[in-house]
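Structure first, commentary second.
What you see below is based on every heavy atom in this structure, not just the backbone, and it leaves out hydrogens, waters and symmetry mates. Everything quoted here is computed from the prediction, not taken from an experiment. So you know, we letter chains A, B, ... as the sequences are listed, proteins then strands, and number each from 1.
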Amino acid sequence: MKYPEFPDKSEYTAISEILQGQSENPVKIRGWIYRTRSSGKLAFIVVRDSTGIIQCTVSKERVDEEPFENARKALIESSVILEGEPVKDERAPGGWEIRVTNFEVFHFADTFPITKDQSDEHLMNNRHLWLRSRNMVAALRIRSTVFKAFRDYWTGLEFTEIQSPSFTTSACEGGSTLFNVSYDDENEKSGQRFYAHLSQSWQLYAEATMFGLENIFTLAPSFRAEKSRTRRHLTEFWHAEVESAWMHNHQMMELEEGMILNIISAVLSRNREDLELLGRDVSVLENIKAPFDKMKYEEVLDKLNSMGFDLSWGDDFGYKEEKALTQDLKSPIYITNFPREKGFYHRPDPNDPKSLVCHDLLAPEGYGEIIGGGERVWSPEELVERIREEGLDPESYGWYLDIRKFGSVPHSGFGLGIDRTVSWLCGSDHIKHVIPFPRTMRRTTP
RNA sequence: GCCGCUGUAGCUCAGUAGGUCAGAGCAUCCGGCUGUUAACCGGACGGUCAUCGGUUCGAAUCCGAUCAGCGGCGCCA
C-alpha cells in the first residue's frame, strides 16, 4: 500500500474555531466520523476532532457522485478530510455546520464495536477504543491539568522533582499488599527467582534523597496488591509525593492546602467545558474554601459515635465512617493525631505519645481520603524502637536506618492519590473513569 | 480475604411452576427518502443460550464444578 500523503496541519481549521465563528471561508477540517445519517440525496456527517464536534452536510448537488457515496457508506470512526463552507444554522447541533464541497475518506473504519447500547464490561474490554469517547477525553484533559498544577505548585516553591525506583525490596506499607516480581532462572526449583517487589511508595527513598536537595517531590505510579473491589482502588495508581527537610507537620499541611486550591483553580480555568460535559456542577468546586477544617482523630471518634457509630480508640475509619464524615462537607477536611499503630515511620506526639504527628486529608462529598502524610521519626534511636514496637526487624531496614545516623533532621512528607483527586474533581462515580488504562485485581487488559 | 450478583445474536436485553423458547431493539448489509439530531420506512443476515458434568422422556430454565466479569465490605492513596 502506498503511503498516503496529507497536507500540513496549518492548512486545517480546528472544529472549535468554527463553532466560535472565527474561521475562514471555506474551511478544511480533518477528523473522525462521530455520527452519520443519510437520505437519498443528503448525508449528515458529524465529525469530531480533539477540539469539538460539528455537523457536516454532504449534498449530492454540491459534490461529485463518488465523494457522496463515500460519505454515505463510511462508518463511524472513519477518518475523513473535508472542505466546505461554515454556516450558522440552528438546525445543527452546536449551532454551526459545514456545507461540504469536497469529502475524502482517509480510512474506512470497520464496524465500530461500541454503539449506543453500552455496558461497563464491554466498555472496559474495548477501553482502547472507548478512549475516543467525549467523556474519556474530558476526564483525561482534567487529569493532565492536575498533573501540571501539582508540578507547577511545588516547582514554584523551589522543590526539586526526583525519581525513585519501582523495583524495591523495602516495604513501607503492609507486606500483604506487595506485588512480587520474578525472573526466569533454570537453577531454581520453581524455575523462577524472586527479584523485587513493586514500590508502594517512594517514601523511604525520598527520605534518603531529601538530605541533598532538602525539598523534593515526585509523580510516579505506586503498586498495591490490595484485593480491593471498590470504586476508589486501583492496583497501579499515580502517586504524587512530597518530602521536605526542616518541616513540621502543620507547616506541610498548610502547603498541601495551597496545593489543593491551586489544583482546583487550574482545573476551573482550563477545564470548565470538560467538567460540564462530565455533568460536574462547577459551583461545587468554586465553593471550596480554605482554611480546611482540622479535627483530631479523637474528636472524629466522638463525632462519629454521636452519629450512631460505635468506635473506640485504635479503630480505623472504614469507608462508611469516611462517608458519614464527608458527604455533607463542601471543602476537604484534615484528620490529625491518628493512633501510633498507624505507621512506624510517623513521629509519636511528644505531648500525647499514644498518637502520631500526622494527618489525612479527606475530600468532601463522600470521596474520602486523598492524602496521607505526616512528620517522620527522625531520631535513629526512636526509629529502632518504633520498628521493634511494630514487630518488625530493624536489621531489614539497614540503609533506611543508616540515613538517620548522619545529621538527621525533622522532616515531613505526604502522598496524594492523583486518580482519587481527579475522580473527586470530575465528580466521577468510579476511579477507573479518570485513568486511560485502569489496573485492578481483576483486569490488566487492554 | 468475605458477602452478593451477572453470563442468551456484534451490542443492550426479554424469555424459568422444565414441554412452538430461539425472541426484540440497535448495529451490519440491501432498498427508499433533501433537514436529520445515536432519524424514519421495508427487507436480509446473525445464537452449541459462558464451559463441563448431572437430574429428567425432555434443560436457556433445576443441581454441581469451572471460567470470566460486576457491585459492596475490610484495607488503603
- [ ] Could you tell me the separation between the CG atom of A/Asp120 and the P atom of B/rU12, rounded to a whole number of Å?
- [x] 10 Å

Task: Base partner of B/rG35, which must satisfy Watson-Crick or wobble distances under 3.5 Å - done: none

- [ ] Could you tell me whether A/Arg134 and A/Asp274 have a side-chain N and a carboxylate O separated by less than 4.0 Å?
- [x] no

TODO: Quickly work out the A/Asp110 CG to B/rA27 P distance and round it to whole Å.
DONE: 17 Å

Open item on the list: Looking only at the side chain of A/Asp316 (C-beta and beyond, no hydrogens), which of the listed nucleotides B/rU34, B/rG72, B/rC76 gets closest?
Closed with: B/rC76

Open item on the list: Once hydrogens and angles are ignored, does a donor-acceptor distance under 3.5 Å link the base of B/rC11 to the side chain of A/His122?
Closed with: no

TODO: Have a look at A/Arg62 and say if it touches a base, only the backbone sugar-phosphate, or nothing, with a 4.0 Å heavy-atom cut-off.
DONE: nothing

Open item on the list: Using a 4.0 Å heavy-atom cut-off, does A/Ile114 contact any base of the nucleic acid, only the sugar-phosphate backbone, or nothing at all?
Closed with: nothing

Task: Atom-to-atom span, CH2 of A/Trp238 to C1' of B/rC76 - whole angstrom - done: 19 Å

Open item on the list: Applying the Watson-Crick and G-U wobble criteria at under 3.5 Å, what pairs with B/rC70? Answer none if nothing qualifies.
Closed with: B/rG4

- [ ] Before giving the answer on side chain to side chain contact (heavy atoms under 4.5 Å, CB included), spell out for A/Thr445 and A/His128 the whole-Å C-alpha distance, their side-chain angles and the decisive distance to 0.1 Å.
- [x] CA-CA 9 Å; A/Thr445 55; A/His128 54 297; over 6 Å; no

Open item on the list: Closest-nucleotide mapping onto RNA chain B: is A/Asp429 or A/Leu234 further toward the 5' terminus? I mean the 5' end.
Closed with: A/Asp429

- [ ] Would you mind pulling out the nucleotide paired to B/rG25, Watson-Crick or G-U wobble, both distances under 3.5 Å?
- [x] B/rC11

Open item on the list: Looking at B/rG42, which nucleotide sits across from it as a Watson-Crick or G-U wobble partner, both distances under 3.5 angstrom, or is there none?
Closed with: B/rC30

- [ ] Search all heavy atoms of A/Val242 against all heavy atoms of A/Phe150 and return the closest pair with its distance.
- [x] CG2-CZ, 3.9 Å

Open item on the list: One pair to check against side chain to side chain donor-acceptor pair (under 3.5 Å): A/Asp152 and A/Thr155. What are the steps and the verdict?
Closed with: CA-CA 5 Å; A/Asp152 287 350; A/Thr155 304; 5.7 Å; no

TODO: Report the nucleotide, chosen from B/rA38, B/rG74, B/rC75, that has the shortest atom-to-atom distance to any side-chain atom of A/Arg37.
DONE: B/rA38

Open item on the list: Using a heavy-atom cut-off of 4.0 Å across all strands, would you classify A/Gly40 as base, sugar-phosphate, or nothing?
Closed with: base

Task: Spacing of the P atoms in B/rA17 and B/rA60 (rounded, Å) - done: 14 Å

Task: Per A/Thr230 side chain, nearest of listed nucleotides B/rG74, B/rA38, B/rA77 - done: B/rG74

Open item on the list: Nearest to the side chain of A/Ser39, heavy atoms from C-beta on, is which of B/rU34, B/rC11, B/rA77?
Closed with: B/rU34

TODO: Could you give the distance separating B/rC40 and B/rG35 at their P atoms, to the nearest angstrom?
DONE: 15 Å

TODO: Mind checking A/Tyr319 for me? I need base, sugar-phosphate or nothing, with any heavy atom below 4.0 Å counting as a touch.
DONE: sugar-phosphate

Open item on the list: Taking the minimum atom-to-atom distance to the side chain of A/Lys41, which one of B/rA77, B/rU34, B/rG71 wins?
Closed with: B/rU34

Task: A/Leu123 CG - B/rG69 P separation (whole Å) - done: 16 Å

- [ ] Would you check if there is a donor-acceptor pair between the side chains of A/Ser201 and A/Glu241 at a distance under 3.5 Å?
- [x] yes

Task: Selection from B/rG71, B/rC73, B/rC75 that lies nearest to any side-chain heavy atom of A/Arg231 - done: B/rG71

Task: Derivation and outcome, side chain to side chain donor-acceptor pair (under 3.5 Å), residues A/His233 and A/Thr230 - done: CA-CA 6 Å; A/His233 283 88; A/Thr230 79; 2.7 Å; yes

TODO: Write down the distance separating the C1' atoms in B/rU61 and B/rG18, rounded off to the nearest Å.
DONE: 6 Å

Task: Whole angstrom value for the distance that separates P of B/rG72 from CD of A/Glu322 - done: 15 Å

Open item on the list: Under a 3.5 Å cut-off for both contacts, is B/rC62 paired Watson-Crick or G-U wobble with anything, and if yes, with which nucleotide?
Closed with: B/rG54

Open item on the list: For a quick test of reading the model: is some side-chain N or O of A/Lys432 closer than 4.0 Å to OP1 or OP2 of B/rG71?
Closed with: yes

Open item on the list: Classify A/Ala92 by what it touches in the nucleic acid, base, sugar-phosphate, or nothing, heavy-atom distance under 4.0 Å.
Closed with: base

Open item on the list: Suppose you measure atom P in B/rG25 against the same atom in B/rG42; what distance do you get, rounded to whole Å?
Closed with: 10 Å

Task: Close side-chain approach of A/Phe159 to A/Ser244, heavy-atom, < 4.5 Å - done: yes

Task: Nucleotide of B/rU28, B/rC76, B/rG74 approaching A/Thr111 most closely (side-chain heavy atoms) - done: B/rU28

- [ ] Can you tell me, in whole Å, how much space there is between the P of B/rG43 and that of B/rA27?
- [x] 16 Å

Task: Phosphate-side-chain proximity, A/His430 and B/rG71, N/O vs OP1/OP2 below 4.0 Å - done: yes

TODO: Select base, sugar-phosphate, or nothing to describe what A/Ile418 touches, counting heavy atoms under 4.0 Å on all strands.
DONE: nothing

Task: Short side-chain donor-acceptor distance under 3.5 Å, A/Ser199 and A/Tyr205 - done: no

Open item on the list: Taking any heavy-atom pair under 4.0 Å as a contact, classify A/Ser38: base, sugar-phosphate, or nothing.
Closed with: base

Task: Inter-nucleotide P distance (B/rC30, B/rU36), Å rounded - done: 24 Å

Task: Shortest side-chain distance from A/Phe237, nucleotide among B/rA27, B/rA77, B/rC73 - done: B/rA77

- [ ] Pick the P atom in B/rC62 and in B/rA77, then give their distance to the nearest Å.
- [x] 44 Å

Open item on the list: Between B/rA14 and B/rC52, how far apart are the two C1' atoms, rounded to whole Å?
Closed with: 27 Å

- [ ] Using atom CD1 of A/Ile76 as one end and atom P of B/rC29 as the other, report the distance to the nearest whole Å.
- [x] 11 Å

- [ ] Ignoring the backbone of A/Arg442, work out which of B/rG69, B/rG71, B/rC75 is nearest its side chain.
- [x] B/rG69

Open item on the list: Using Watson-Crick or G-U wobble geometry with both distances under 3.5 Å, which nucleotide pairs with B/rG47?
Closed with: none

TODO: Choose from B/rA77, B/rU34, B/rA38 the nucleotide whose nearest atom is closest to any side-chain atom of A/Glu369.
DONE: B/rA77

Task: Donor on one side chain, acceptor on other, A/His346 and A/Glu375, under 3.5 Å - done: no

Open item on the list: Within the 4.0 Å heavy-atom criterion, would you say A/Thr115 contacts the bases, only the backbone, or no part of the nucleic acid?
Closed with: base

- [ ] Evaluate the side-chain proximity of A/Leu383 to A/Tyr400: yes if any heavy-atom separation is below 4.5 Å, no if none is.
- [x] yes

Open item on the list: Nearest heavy atom decides the nucleotide; on that basis, is A/Lys60 or A/Asp117 closer to the 5' end of RNA chain B?
Closed with: A/Asp117

TODO: Classify the side chain of A/Gln55 and the base of B/rU36 as holding, or not holding, a donor-acceptor pair under 3.5 Å.
DONE: yes

Open item on the list: Only pairs with both distances under 3.5 Å count, Watson-Crick or wobble alike; so what is the partner of B/rA17 in this structure?
Closed with: none

Open item on the list: What's A/Leu416 touching, base or sugar-phosphate or nothing? Going by heavy atoms closer than 4.0 Å.
Closed with: nothing

Open item on the list: Looking at A/Arg443, I'd like to know whether one of its side-chain N or O atoms comes within less than 4.0 Å of OP1 or OP2 on B/rC70.
Closed with: yes

Task: B/rC76 base / A/Arg420 side chain donor-acceptor hit below 3.5 Å - done: yes

Open item on the list: Between B/rG35 and A/Glu97, counting only base atoms on the nucleotide and side-chain atoms on the residue, is there a donor-acceptor pair under 3.5 Å?
Closed with: yes

